[in-house]
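I have placed the structure first, in the form of structure tokens, so that the comments after it can refer back to it.
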There are 2 protein chains.
Amino acid sequence: MLAEFLPYRIAVLSERISRRLSLIYGAEAGISMAEWRVMVHLARCQEVSVREIHDCVNLDKPRVSRAVSRLTEAGLVAKTGSATDQRLLSISLTEEGQSLLARILPPARAYERRLLHALSPEEQAMLSTIMEKLHRVMDTDPDARPRSRLDLPRDAAE
Amino acid sequence: MLAEFLPYRIAVLSERISRRLSLIYGAEAGISMAEWRVMVHLARCQEVSVREIHDCVNLDKPRVSRAVSRLTEAGLVAKTGSATDQRLLSISLTEEGQSLLARILPPARAYERRLLHALSPEEQAMLSTIMEKLHRVMDTDPDARPRSRLDLPRDAAE
DNA sequence: CTGGTATCGTTGCAATTGCAACAAATGTCA
DNA sequence: TGACATTTGTTGCAATTGCAACGATACCAG
């Protein structure tokens with residue numbers, strides 16, 4: 001039965017959560033999921049290139065490129081050519097982008113907390129363990145798409 | 001950090017698994033995820049309408065409609081008008097569809113087993129529990145999209 | 001009956017997507 | 001230096017998507 005098929009179950013849960021979350025940044029800021037990811041990433045890593053974003057947030061280059069373009073048009077992000085390497089862009093949040101993010105991040109975090117609140121601390125830890133184990137199956141699978149650098153676990157032993 | 005944000009982590013894992021799985025039914029049978037879901041559902045529930053599929057496999061009506069059309073053109077599915085209600089379609093797998101599914105289902109199941117094999121029985125049970133708890137958060141959230149009927153747990157107490 | 005309402009499947013359409021091709025810039029190595 | 005490969009960001013394009021509107025059928029109240 002499809003409803004018991006693990007890939008299907010994960011896909012359904014994921015889509016449901018993503019759609020719910022997109023109401024927050026969509027309604028409040030009119031941005032897409034790609035734009036949301038780019039902005040959140042920029043909040044941590046200022047002055048990054050398109051490729052770095054692409055490597056870090058699980059979006060292909062064209063999507064990042066277009067997301068950055070839209071955000072630039074909206075005045076939320078600044079694109080500057082790098083001085084040393086003319087190919088690279090130096091992308092960062094504008095003040096407007098920062099203030100917008102500051103407005104969206106709290107409800108987004110609140111929603112995450114609401115999800116996590118349904119789980120005990122043990123379950124939360126277990127979920128991380130389980131997800132990491134599933135990732136590792138695919139890490140050893142040459143046909144699976146490789147994992148983004150930043151999605152590798154940092155807390156565990158290395 | 002984005003990499004620690006639960007909705008993002010679930011989305012990344014889900015997409016990675018889905019993409020890997022789609023290699024199986026895509027390369028072997030040239031069908032899309034929507035078509036895959038429709039066929040798997042039909043394997044269990046013969047003689048169903050578009051709306052029933054839509055209700056059961058987390059695809060909107062147009063997607064189901066188009067998936068069924070493509071599968072019909074490919075000879076994998078038969079569309080018959082219902083006798084009693086002229087609006088309804090009676091959709092079922094053809095023999096060719098059944099044999100195709102019989103060829104794809106084993107590697108798909110094997111892949112699921114490969115994922116599950118990375119988890120202990122306790123972790124597998126815990127994963128189900130956790131996913132159900134996350135679903136329940138959204139079940140009580142009027143802004144979240146409702147869950148498909150068939151995705152509700154059947155084993156638990158009712 | 002009959003007018004209004006609900007349901008079913010399909011279609012239109014704008015927007016997004018994924019992938020490949022591309023120009024520009026850099027790196028490499030003889 | 002100069003030919004060639006690599007990298008970066010963008011663009012083209014075909015296919016898919018999501019949502020709303022649609023015609024057709026069935027239901028239902030008076």
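Here the structure is a predicted model, which is why all the values come from computation and not from measurement. Order of the sequence lines fixes the chain letters, A, B, ..., with proteins taken first and strands second; residue numbering starts at 1 for each chain.
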Nearest-Å distance for atom pair [atom1]/[atom2], residues [X] and [N]:
X        : N       : atom1 : atom2 : answer
Leu88(A) : dT7(D)  : CG    : P     : 13 Å
Leu59(A) : dT10(D) : CG    : C1'   : 16 Å
Glu52(B) : dT7(C)  : CD    : C1'   : 13 Å
Arg51(A) : dT10(D) : CZ    : P     : 14 Å

Listing time: all N or O pairs from protein to nucleotides 25-29 of chain C that are below 3.5 Å?
unit_1  : atom_1 : unit_2   : atom_2 : d
dT26(C) : OP1    : Gln86(A) : N      : 2.9

Listed partners of Arg37(A) passing salt bridge (Lys or Arg N to Asp or Glu O under 4.0 Å), at least two apart:
none

By nearest-heavy-atom nucleotide on DNA chain D, the more 5' of Arg19(A) and Ile91(A) is Ile91(A)

Between the side chains of Gln46(B) and Ser92(B), is a donor N or O closer than 3.5 angstrom to an acceptor N or O?
no

Under 3.5 Å, is there a donor-acceptor pair linking the side chains of Glu96(A) and Thr94(A)?
no

Listed once per pair and sorted, the ring pair (Phe, Tyr, Trp, His ring centres under 6.0 Å) pairs that draw on residues 16-51 of chain A, sequence neighbours left out
Tyr25(A)-Trp36(A)

Tell me, for nucleotides 10-17 of chain C in 5' to 3' order, what letter each nucleotide earns: B for a base near a protein heavy atom under 4.0 Å, S for only sugar-phosphate near one, - for neither?
BBBB---S

Side chain to side chain donor-acceptor pair (under 3.5 Å) partners of Ser128(A), counting only residues at least two apart
Arg9(B)

Salt-bridged, Arg66(B) to Glu35(B), with N to O below 4.0 Å?
no

Note: Glu52(A)-Arg149(A) ion pair, threshold 4.0 Å (strictly below):
no

Using residues 110-118 of chain A as the side-chain source, report each donor-acceptor pair under 3.5 Å to any protein atom, sequence neighbours left out, with the distance given to one decimal.
unit_1    : atom_1 : unit_2  : atom_2 : d
Glu112(A) : OE2    : Leu6(B) : N      : 2.9

